[in-house]
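In listed order, ligands and their atoms are each counted from 1.
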Amino acid sequence: MSSTDTPAETGTLAPLRALAGAISAAMALAIGELFDGFSTEIPSLVISAGDWVIDVAPGQVERSAIDTLGTADKPALVIGTVILTLLIGALMGKFSSRHKAVAPTVFTVFGLIGWWFLARNPLATSGINWLVALVAAAGGFATFKVLTAALAPRTAKRFDPTQGGIIETPIESPAAAHASRRSFFGWAGAAGAGALAFTGLGRMLRNRGNFDQARDAIEINSATDVAEVSASIENFDNIEGLSSYITDNSGSNFYRIDSALTIPQINPDDWSLKITGMVDNPIEFTLADLQSMEQVDQTVTISCVSNPVGGELVGNAVWTGIPLTRLLEIAQVQEGATQLVGKSADGWTAGFPPSVLDDGRSALLAIGMNGIPLPERHGFPARLVIAGLYGYVSATKWITEINMTTWEDFDGYWIPRGWSKEGPIKTTSRIDVPSHASELPQGTQTVAGVAWAPTRGLSKVEVRIDDGEWQEAQLAEAVSNETWVQWKLDWDAPVGDHVIRVRAYDGNGDIQPEGPKRVDPDGAEGWHAVVVRIA
Ligand SMILES: Nc1nc2c(c(=O)[nH]1)N[C@H]1C(S)=C(S)[C@@H](COP(=O)(O)O)O[C@H]1N2
Ligand SMILES: [Mo]
């Protein structure tokens, strides 16, 4: 391709070379997606790259991504990773005409970095990371070769004894240039379509690989009918717009927070939970082992420390599983173990003092949620649920190990990222109805919401309209102090704009902190308020 080295040609061909570079980069990524589809033990290259970004992102950045984008941070990161790769490919294409070594170097580096991304991904367990990276890089490079060859000018050969043999000269005619472009776009279109097809196929295969059937086959021995839990108490579920006492976990109603870019897909047949560290009897449980043990149902409200005042990162479910204390008994925890660390299949960790369990609170290795096997997004096949602690210190999803250690010896995932090492859930209340900025007719309006302070329980919720007196709201029943409580108050709403505020008191009579305080380092504080217009 030395004939493309002339400056004039580089000028006109540069955009096409850039396009060739971007398409070859896309092909390399697409091959990664295809491999991802073949086996649950091979994660996607793109996702592994994104995982690395999440891991090295300073806590501040990751935190504000969760704050500002909510769970949309994940697609944004994946799209960003893809765009960046395509840009690098385009630059490579542009500069490769001047320096022959550019393209091979870039694809070699791509392969090495891709390999490293896979190697550091705990979900990459197939042992063929090198092959994935090699094939992806080689496929990208081959695509680039084909595309740039199509861009090379057509040449005419003739025999000229005076010049000493066969002479090749570029055909400078517009027709030849046109033919060359046409063939380039043909190849480029084919390569682009191929990349899309690989990606699509990889995705399709990946979805086939999820363990829905295996999940459905799991017996969770829940003795509790979820509907009966709500029915057993006087609840306010009939108030429109108010959070139901038990949060529905079909679909995405129950909040999901985790650092995983794609939900880890765990084959329940290969899965096990180890209890390690400061125990006299290190032990490993398969799912079958756990299923043969006695399971209990516990209704527990869990919440994320990143939940802002008035936020939705909280939910209440009936969890089914094996009491954590039972498992620790079997493992025979040693004297002096002051931290219980949960470790997940995707390398996430969370730690809390096991002494919190001494008060007898609900604490489960949960394999069921609201009467069904744990959904994949909530940690299938097993997770921890500890009443009264924020998820980031306790609720390890996709758990594979419980490690008993000391408080000083280990910091969970979020601790070096700027969050408090201890994470008890703060007393919190939220107004669900009326919703903020709504317009309502004059007359009696129901103000209602939820409040929670696990494991202390709730003693009182108060509502204040504008600068009026704090009025005591009516509380629904709750099955225990470990769940949220619905509350309501009838309000005779006069015409005008009004501010409605709420605050709660926990079971000890302590008032919810007024704040305002941001979510980091240990949870938001503040009395939730909504503004409504009465017409
Ligand atoms: N493996 C893993 N488990 C995890 C997390 C995570 O990032 N990875 N996030 C935790 C956090 S911060 C919270 S609030 C809860 C949320 O649980 P949910 O998604 O089932 O609602 O899961 C916890 N368990
Ligand atoms: Mo969280």
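Of all protein heavy atoms, the one closest to atom 24 (N) of ligand 1 is Ala395 O, 2.9 Å. Nearest non-hydrogen protein atom to atom 7 (O) of ligand 1 is Ser259 N, 2.8 Å. What sits closest to atom 9 (N) of ligand 1 on the protein, heavy atoms only, is Ile257 O, 3.2 Å. Looking from atom 13 (C) of ligand 1 to the surrounding protein, the closest heavy atom is Gly391 CA, 3.7 Å.
At under 3.5 Å, a nitrogen or oxygen of His378, whether backbone or side chain, sits near a nitrogen or oxygen of ligand 1. The distance criterion of under 3.5 Å between nitrogen or oxygen atoms is not met by Asp258 with respect to ligand 1. Of the polar atoms of Tyr255, at least one N or O is found under 3.5 Å from an N or O of ligand 1, judged by distance alone.
The ring pair (Phe, Tyr, Trp, His ring centres under 6.0 Å) analysis of residues 272-301, with sequence neighbours excluded, yields no pairs.
No hydrogens or angles considered: nothing links the side chains of Gln265 and Thr40 as a donor-acceptor pair under 3.5 Å. For the residue pair Asp51 / Ser48, no side-chain donor-acceptor distance below 3.5 Å is found, with atom types taken as modelled. Counted by atom type alone, Tyr245 and Thr483 present one or more donor-acceptor pairs between their side chains at under 3.5 Å.
Seen from the ring of Trp116, Arg120 counts as a face-on cation partner, given the 6.0 Å and 45° thresholds.
Taking all heavy atoms of Met369, Lys397, Arg383 into account, the minimum distance to atom 1 (N) of ligand 1 is reached by Lys397. Comparing heavy-atom distances from atom 6 (C) of ligand 1 across Trp419, Tyr392, Trp348, Phe254 singles out Trp348 as nearest.
With contacts defined as side-chain heavy-atom distances shorter than 4.5 Å, the pair Gln512/Val502 does not qualify. Contact annotation: the side chain of Ser44 never approaches that of Thr262 to less than 4.5 Å [non-hydrogen atoms, C-beta and beyond]. Side-chain contact check for Ile372 versus Asn249: some heavy-atom pair is nearer than 4.5 Å.
For ligand 1, the atoms lying closer than 4.0 Å to a non-hydrogen atom of Ser344 are 1 (N). Interface atoms of ligand 1 facing Arg256, defined by a heavy-atom separation under 4.0 Å, are 19 (O). Each of the following atoms of ligand 1 lies closer than 4.0 Å to a heavy atom of Cys304: 14 (S).
A salt bridge links Glu462 with Lys460; the closest basic N to acidic carboxylate O contact falls under 4.0 Å.
If you look at Asp346 next to ligand 1, the close heavy atoms, those under 4.0 Å, all belong to the side chain.
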